[in-house]
Amino acid sequence: MIAWLLTHAASTRFAVVAGVFAVLLVLQLRMPRRGDHSAPGRYVRNLSLPLISAAIVYLLLPLTLVGLATLLAERQLGLFNLLDWPPLIELAITIIVFDLAIYWQHRAMHELPWLWRLHRLHHTDLDFELTLGLRFHPFEILFSLLCKALVIAALGAAPLAVLCCEILLAAFALFSHADIRIAKRWDQVLRRFVITPDWHRVHHSVHRAETDSNYGNLLSIWDRLFGSATEQPRDGHLGMRLGLDEFRDEASQRLRGMLMQPFLDATTPTGKNDKPHA
Ligand SMILES: [Zn+2]
């Protein structure tokens with residue numbers, strides 16, 4: 001079974017994440033939080049980005065992350081390949097370390113100008129709903145894969161643990177961007193441990209202090225621990241504006257403008273430019 005899953009890692013991951021997407025889509029349609037619904041073209045553009053990224057990754061990278069973990073296991077490289085710890089302990093540590101690394105990767109993308117250029121596209125969306133969880137520039141996807149590869153190499157993470165991490169993190173990237181109404185008392189319980197849509201929506205606010213907070217992907221502890229947590233948006237969840245003031249024009253929202261984001265200088269009426277968004 002495990003061997004079959006690892007042989008079909010890409011299709012397994014796609015099937016599970018597509019299933020999560022379908023469930024969240026139904027929930028979003030049945031119980032929307034804000035009802036962020038824009039032109040149909042936005043959905044097509046957001047959904048086309050992961051396809052473009054997948055093609056570029058397939059052409060440029062010689063190995064998948066699971067493939068890298070398999071190679072490291074065969075050659076007995078990396079921490080866990082030198083130790084003999086129970087697989088479940090290794091899995092738990094792999095998930096926690098992956099999530100911590102992604103927290104700092106995300107934070108660095110807001111604080112370093114050249115990385116902000118790669119990440120900025122994700123923040124130009126004027127809506128907050130499910131497909132925003134897929135709206136990443138191919139360059140950001142490549143950079144993120146390289147960061148994850150470093151974590152896998154250091155840990156010597158097991159191939160199955162890597163597959164679990166990829167699925168879990170992708171599922172939470174979708175969940176945290178879904179426009180789903182969760183009862184306040186449940187949101188309060190959930191956000192003690194994990195990122196909820198209400199928690200992450202703050203990160204997409206037009207207000208810079210809010211954008212530069214709530215970086216977490218899966219666990220909310222990192223934002224609390226490293227002082228970047230904002231519990232609620234100052235304008236309220238229903239009243240808050242989303243996106244970046246620099247890129248609200250139609251051209252920025254077209255696919256060409258989206259793909260050109262890393263090369264654009266953000267000159268704005270307010271005088272902001274492409275300085276670090278911190
Ligand atoms: Zn961000």
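Here the structure is a predicted model, which is why all the values come from computation and not from measurement. Both counts, for ligands and for their atoms, begin at 1 and track the order of listing.
No hydrogens or angles considered: a donor-acceptor pair under 3.5 Å links the side chains of S252 and D249.
When the options H106, H204, H203 are evaluated for a ring-ring contact (aromatic ring centres under 6.0 Å, His included) with H122, the one that passes is H204.
Residues L24 and L218 share a hydrophobic cluster, clusters being chains of Ile/Leu/Val/Met/Phe/Trp/Tyr side chains in contact below 4.5 Å.
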Under the salt bridge (Lys or Arg N to Asp or Glu O under 4.0 Å) rule, what do E246 and R120 come out as? Steps first, then yes or no, please. CA-CA 10 Å; E246 304 94 308; R120 198 167 54 188; over 6 Å; no
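Residue-and-atom listing of protein N/O/S atoms under 2.8 Å from the Zn ion (ligand 1), sorted by chain and number: H106 NE2, H110 NE2, H119 NE2, H123 NE2, H203 NE2.
Taking the six-membered ring for Trp and the full ring otherwise, the centers of F226 and W104 sit less than 6.0 Å from each other.
Side chains of F175 and V20 form no contact here, defined as non-hydrogen atoms less than 4.5 Å apart.
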